[in-house]
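Below, chains carry the letters A, B, ... as their sequence lines are ordered, and counting in each starts from 1. All values derive from a computational prediction rather than experimental measurement.
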Number of protein chains: 2
Amino acid sequence: MAVTISDVARAAGVSKGAVSYALNGQTGVSDETRRRILSTAKDLGWTPSLRARSLSSSKAYALGLVVARNPKLLGTDPFFPSFIAGIETTLADQGFSLVLTVAARQGAEEASYRRLVHEGRVDGVILSDMRAEDSRIPLLLELGLPAVTLNRPSTPSPFPAVCMDDTEGISNAVQHLIDLGHTRIAHVGGPQHYVHSRSRRDAWADTLERSGLEAELFIEADFGAQQGTDATARLIDMDRKPTAIVYANDIMATAGQSYLQQQGLSIPDDISVTGYDNTEFAQYLNPALTSIGSDPLLWGSTAAQVLLNQLGGKHDGDDVILPAPQLIIRGSTAKPPANPSK
Amino acid sequence: MAVTISDVARAAGVSKGAVSYALNGQTGVSDETRRRILSTAKDLGWTPSLRARSLSSSKAYALGLVVARNPKLLGTDPFFPSFIAGIETTLADQGFSLVLTVAARQGAEEASYRRLVHEGRVDGVILSDMRAEDSRIPLLLELGLPAVTLNRPSTPSPFPAVCMDDTEGISNAVQHLIDLGHTRIAHVGGPQHYVHSRSRRDAWADTLERSGLEAELFIEADFGAQQGTDATARLIDMDRKPTAIVYANDIMATAGQSYLQQQGLSIPDDISVTGYDNTEFAQYLNPALTSIGSDPLLWGSTAAQVLLNQLGGKHDGDDVILPAPQLIIRGSTAKPPANPSK
DNA sequence: AGGTGCTACTGAACCGGTTTAGTAAGAGTT
DNA sequence: AACTCTTACTAAACCGGTTCAGTAGCACCT
């Protein structure tokens, strides 16, 4: 079996308690003894037993992430793998692990959090995809589970937030289109109960209105290719059809772009298109997709770090603001047709 | 605090040991007493402490998944989220959790497995993306960690395998193209150290050769959009350029298709294209992508179940064979041009 | 010299289960 | 009646840490 703290105690000629104090850097042992204990521990190759420590300290040494999305849609979202990789880079260094849960069915989400707490699997969770009136906040308060949120939720939240502004990228995209001469700029947004979907929509509307344009061409979709296509079809069926469409993610933009081309429209000559996320394939589309490039890796590693700090009582209470995603202009945007149809 | 086994013992007027026997369905208690213990446990709302159980039984009640991929590429791969969701559906029912690790850097993979074992985080792992001479097999044997593999590895492996045949879909795709009249069918494959990449290539080559065609137009890429584009560029620069390209995944096919269109080629009139995975967006491309639809959800849930059976000593030793992914024919494939250029 | 306070440590309890060793009661055997 | 065997249970050890209560030894104060 592995070497335990008792083995170290015996070898060093002290009690178990002394070893524990020495190893945890607590007071109660002389420097002299501490050195001796540490060196015998090292000689014997001692490493702490996570399980024993979990039991006696009532900690899990793990963080949780509950992803509540349809796996089909999740599969096309490039955000999560990078985000998770970011979380990992922080956790691995500090002896923590990530427990991942996918809540596919409605209602499974709450059950997942309850189970994580009840089994004591995790010491805290990272909340992504914040929603309006997010029910997870009261739930976690009830459960007493620490958390960080990605972006500050719209309702009061006692949890630290790690923020990456959605609005700047969208505003820049819309302004870019306005500067090119577009006046009928549509937006295909994500589900509006998501805070980020909502703030992207608001950014789109605000930017238009600042230039005296009306923000009327809006369709809500679900971030999936199917609804991206449908929304696009509805937009170009309109009497006063848009000359540019700002999509809330690259998947919908890709699907929309394909649909438009299929309808005989040329991109960007007949209609301009922008995405969000700067997915790896965005630059290889035909034409390459103008998009907004976020940094999920940084977001993940920062969120994990903030949560760990919080657990260690080292959080200063301020939200962490990360650099806003930037607009990346490519071939899918150009000036509107000189003589727009109808 | 939560109610413990001692509380139940006291309430039922028996010893801790008796409660443990009763709750675990072991012999040593009369039916009468067992019923009484179970009902008082229920009345008190007792649930086992995962941590205490982990310590005394030396089990983690968790499975691990180590994903060794560049997060950038991982982000575009629709396989993992669905696969993980599948794993979850099995685990959640049985009180297990999933510990996910992303090994970004080279060498981080082995360290991840060692850490999982060393900390006792998991009772077993699921191995995906099997490689030729896969170093994980001897590693896990050394570490004594149970595992399941996705598909049977090329080297001898004592671990059960859950298999989903790669070859049938590719063979059908190639045969479909041959039936349409193509004779110069290229393949853009994944990294050839992956077993699945290799078997897809072999299926492509075998099917061509069965029809007396030469399997010469092969390029290895990394499943990413960039290399998919590059490979496509090289193929159409050739003297005897292909009239059809079979890609090893949808991402490369999508990137390739865009590149081809950008070069003024019409799909499928000038050149046919097929993908693999049947990504959600595949059907919304322009033209819709002929692809091969695997079932990662089923694969995940089955792999988890087989591993749990294995841990419970209930594995019968046979590999589990899942239905092979099927070819889905869409607009990106058609008969070759009547008078192929050069 | 006696009291106080601090340091450095020990021994034991504790976290909440599982598991082993031991035992009392009853049935069966001869 | 004495012996063995089984059943049903208890007490205690154990997993490997953390933490609390107690104590010996020493310095300092008055």
What distance do B:Leu100 atom CG and A:Leu65 atom CG have between them, rounded to the nearest 0.5 Å? 9.5 Å
For D:dG17, does OP1 or OP2 lie under 4.0 Å from any side-chain N or O of A:Trp46? yes
Winner on side-chain proximity to B:Arg53, out of D:dT18, D:dA8, C:dG17, is C:dG17
Provide, to the nearest angstrom, the distance between the CD atom belonging to B:Glu32 and the P atom belonging to C:dG26. 16 Å
Look at the side chain of B:Ile5 and decide which nucleotide, out of C:dA8, C:dT18, D:dT10, has an atom nearest to it. C:dT18
Pick base, sugar-phosphate or nothing for B:Val19, based on heavy-atom distances below 4.0 Å to the nucleic acid. nothing
Which whole-number value in Å describes the distance from A:Asn24 CG to D:dT19 P? 7 Å
Report the nucleotide, chosen from D:dT18, C:dT20, D:dT10, that has the shortest atom-to-atom distance to any side-chain atom of B:Tyr21. C:dT20
Under-4.0 Å side-chain N/O to phosphate OP1/OP2 contact, A:Gln26 with D:dT18: no
Per nearest nucleotide of DNA chain D, the residue lying toward the 5' end, B:Ala52 or B:Gly17, is B:Gly17
When the distance from NZ of A:Lys16 to P of C:dT10 is rounded to whole Å, what number comes out? 13 Å
Have a look at B:Ser49 and say if it touches a base, only the backbone sugar-phosphate, or nothing, with a 4.0 Å heavy-atom cut-off. sugar-phosphate
Tell me the interatomic distance from A:Arg35, atom CZ, to C:dA8, atom P, rounded to whole angstroms. 12 Å
Euclidean distance, atom CZ of residue B:Arg34 to atom C1' of D:dT7 [Å, nearest integer]: 13 Å
Under 4.0 angstrom between B:Ser20 side-chain N/O and C:dT18 OP1 or OP2: yes
Is the distance from OP1 or OP2 of C:dG17 to the nearest side-chain N or O of B:Ser54 less than 4.0 Å? no
Only one of B:Leu150, B:Val320, B:Thr302, B:Leu322 passes side-chain contact (heavy atoms from CB on, under 4.5 Å) with B:Met164; say which it is. B:Leu322
Over 12 non-hydrogen atoms of neighbours within 6.0 angstrom of CD in B:Gln26: yes
Please give, in whole Å, the distance from D:dC15 C1' to B:Leu55 CG? 4 Å
Over all strands shown, is B:Ser57 touching base, sugar-phosphate only, or nothing at heavy-atom distances under 4.0 angstrom? nothing
Verify the contact: side-chain N or O of A:Thr4 to OP1 or OP2 of D:dG16, cut-off strictly under 4.0 Å; return yes or no. no
Charged N to carboxylate O under 4.0 angstrom, A:Arg114 versus A:Glu109? no
Which part of the nucleic acid, if any, lies within contact of B:Thr33, taking any heavy atom under 4.0 Å across all strands shown: a base, the sugar-phosphate backbone alone, or nothing? sugar-phosphate
Is the shortest side-chain N/O distance from A:Ser15 to OP1 or OP2 of C:dT10 below 4.0 Å? yes
Under 6.0 Å from the ring centre and within 45 degrees of the ring axis: does the NZ or CZ of B:Arg53 meet both conditions for the six-membered ring of B:Tyr61? yes
